[in-house]
Novice: 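One structure follows; several queries about it will come next.
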Amino acid sequence: MLSTCENAWLVPHAKLEGISLMDHLFGRLNGMYPNKWRSNFRDEQAINDWKAAWAEAFDEDGITPHDVADGIKNCRRMYDWPPSLAEFLKACRPSLDSEAAFHVAVKGMAARRKGEAGDWPHPAVFWAAAEVGQYDMLAQSWQTLKSRWEAAYSIQLARQSWDGVPAPTAALPAPGGTAATKEQADAGIKAMAAAAIEKPRDPKAWAKKIMANPKAYASIAVTMAKRALGEEVSA
């Protein structure tokens with residue numbers, strides 16, 4: 001069990017009148033589900049066990065206070081009964097289901113192709129899409145990309161931290177307006193044609209990238225990379 005000093009969710013906060021984030025969450029859920037929530041806990045020890053278990057899960061899954069705020073809001077429409085830990089985690093990040101995240105990523109990549117930022121509920125969704133590649137994300141179906149997507153997405157979720165989603169490149173103006181616009185459009189067409197005749201993307205590139213610097217990734221990601229490259233994995 002984690003001690004208070006090891007987990008930020010259990011540390012008292014002055015802004016919360018001296019209680020921890022987990023104490024605050026307990027109070028919010030108790031207010032949302034009066035009688036139903038507190039009836040799950042027979043004594044103070046049961047409450048402490050709940051706080052320790054949920055705080056540990058939040059820490060391991062990289063849950064943020066913003067995620068928890070979303071979870072509280074989503075619980076109001078998702079659950080009539082107090083949520084379990086697994087249910088609350090789904091409420092925190094409802095778009096992180098693998099297939100659902102894929103479709104979110106497709107919409108996000110389509111937006112970025114227009115020069116827009118896109119909606120990215122979690123950086124892992126963007127970086128998994130970037131690993132698969134914008135062209136394939138927009139040209140291939142879920143059934144075709146399922147294995148590649150799930151491998152890339154699992155690796156991203158296993159990371160302990162993520163770079164932010166970068167700003168998109170400027171959208172290519174619609175052709176037919178001015179001479180400059182037409183030149184830009186022609187350049188874009190040539191670039192797309194060149195990309196179409198390039199050699200197929202190495203499907204194991206993600207694994208080679210991890211093994212080039214394994215210390216930068218979580219152990220589960222390294223294990224998956226070794227298996228993908230046919231390397232022996234120690235027990």
Novice: For the atom pair OH (Y33) and CZ (R28), what is the distance rounded to the nearest 0.5 Å?
Specialist: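 It is 11.5 Å, given to the nearest 0.5 Å.
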Novice: Quick one: does D61's side chain have a donor or acceptor within less than 3.5 Å of a partner on I63's backbone?
Specialist: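 No, D61 side chain to I63 backbone: no donor-acceptor pair under 3.5 Å.
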Novice: Distance alone, cut at 3.5 Å: any donor-acceptor contact between the side chains of R38 and N35?
Specialist: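 No donor-acceptor contact under 3.5 Å links the two side chains.
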Novice: For M32 and I72, run side-chain contact (heavy atoms from CB on, under 4.5 Å): C-alpha distance rounded to whole Å, both residues' side-chain angles, the deciding distance at 0.1 Å, then the answer.
Specialist: CA-CA 9 Å; M32 290 170 59; I72 292 171; 3.5 Å; yes
Novice: Would you call D23 and K51 a salt bridge, using N to O less than 4.0 angstrom?
Specialist: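 Salt bridge: yes.
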Novice: Looking at every non-hydrogen atom in both residues, tell me the closest pair between D70 and C92 and how far apart they are.
Specialist: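 So the minimum-distance heavy-atom pair works out to CB-O, 4.0 Å.
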Novice: Got a second to check how far W54's CH2 is from F88's CZ, nearest 0.5 Å?
Specialist: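 One finds 6.0 Å between CH2 of W54 and CZ of F88.
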Novice: I need the minimum non-hydrogen distance between Q134 and R113, along with the two atoms involved.
Specialist: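 Smallest heavy-atom distance, with atoms named: NE2-N, 3.7 Å.
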Novice: Are any of the side-chain heavy atoms of K107 and D119 separated by less than 4.5 Å?
Specialist: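 Not in contact.
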Novice: Under the 3.5 angstrom rule, does the side chain of R148 hit a backbone N or O of V132 as a donor-acceptor pair?
Specialist: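 Such a contact is found between R148 side chain and V132 backbone.
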Novice: May I ask you to decide whether E116 forms a salt bridge with R112, counting only side-chain N to carboxylate O separations under 4.0 Å?
Specialist: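 No, no charged N to carboxylate O under 4.0 Å.
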Novice: With a 4.5 Å heavy-atom cut-off, do V68 and W9 have their side chains touching?
Specialist: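 Counting from C-beta outward, V68 and W9 do come under 4.5 Å.
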Novice: Is the shortest heavy-atom distance from the side chain of L21 to the side chain of F26 under 4.5 Å?
Specialist: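 No, side chains not in contact.
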Novice: Sub-3.5 Å donor-acceptor pair from the side chain of W120 to the main-chain atoms of V125, do we have one?
Specialist: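 Not confirmed, W120 side chain does not pair with V125 backbone.
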Novice: How close do P82 and N40 get, counting heavy atoms only, and between which atoms?
Specialist: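 Between these two residues, the closest heavy atoms are CB-ND2, 4.0 Å.
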Novice: Is the backbone of K36 close enough, under 3.5 Å, to the side chain of S39 for a donor and an acceptor to pair up by distance?
Specialist: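 Checking the backbone N and O of K36 against the side chain of S39, a donor-acceptor pair under 3.5 Å is found.
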Novice: Are N30 and F41 close enough, and set up right, to give a side-chain contact (heavy atoms from CB on, under 4.5 Å), and what steps lead you there?
Specialist: CA-CA 11 Å; N30 188 47; F41 307 95; over 6 Å; no
Novice: Within this structure, what is the CD-NZ distance for the pair E99 and K146, rounded to the nearest 0.5 Å?
Specialist: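 So the CD of E99 and the NZ of K146 are separated by 8.0 Å.
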Novice: Would you say the ring centroid of W37 lies under 6.0 angstrom from that of W50?
Specialist: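 Under 6.0 Å, so yes.
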Novice: The test is side-chain contact (heavy atoms from CB on, under 4.5 Å); show your working for D67 and L89 and say whether it passes.
Specialist: CA-CA 9 Å; D67 291 329; L89 291 175; over 6 Å; no
Novice: Side chains of T144 and S141: does their closest heavy-atom pair fall under 4.5 Å?
Specialist: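 The answer is yes, as the side chains (C-beta and beyond) meet within the 4.5 Å cut-off.
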Novice: Can you see which heavy atom on P12 is nearest to which on G18, and at what distance?
Specialist: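 It is CB-O, 3.2 Å.
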Novice: For residues Y153 and E131, determine if any side-chain heavy atom of one lies less than 4.5 Å from a side-chain heavy atom of the other.
Specialist: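 With C-beta onward as the side chain, the pair stays apart.
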Novice: Is the closest side-chain heavy-atom distance between L29 and L25 below 4.5 Å?
Specialist: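 When only atoms from C-beta onward are counted, L25 and L29 do touch, with a gap below 4.5 Å.
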Novice: For the atom pair CG (L85) and CD (E56), what is the distance rounded to the nearest 0.5 Å?
Specialist: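 Separation between the atoms: 10.0 Å.
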Novice: Could you check if a side-chain atom of W142 sits within less than 4.5 angstrom of a side-chain atom of S98, using non-hydrogen atoms only?
Specialist: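 W142 vs S98: side chains touch.
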Novice: Any chance you could measure M22, atom CE, to I47, atom CD1, to the nearest 0.5 Å?
Specialist: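 Atom-to-atom, M22:CE and I47:CD1 are 12.0 Å apart.
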Novice: Would you confirm whether Y79, through its side chain, and E87, through its main-chain N or O, come within 3.5 Å as a donor-acceptor pair?
Specialist: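 Yes; at least one donor-acceptor contact below 3.5 Å.
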Novice: At their closest point, which heavy atom of P83 faces which heavy atom of C75, and how far apart are they?
Specialist: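 For P83 versus C75, the nearest heavy atoms are CG-SG, 3.8 Å.
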Novice: Mind running side-chain contact (heavy atoms from CB on, under 4.5 Å) on Q156 and F126 for me, showing each step along the way?
Specialist: CA-CA 9 Å; Q156 287 301 324; F126 171 80; over 6 Å; no
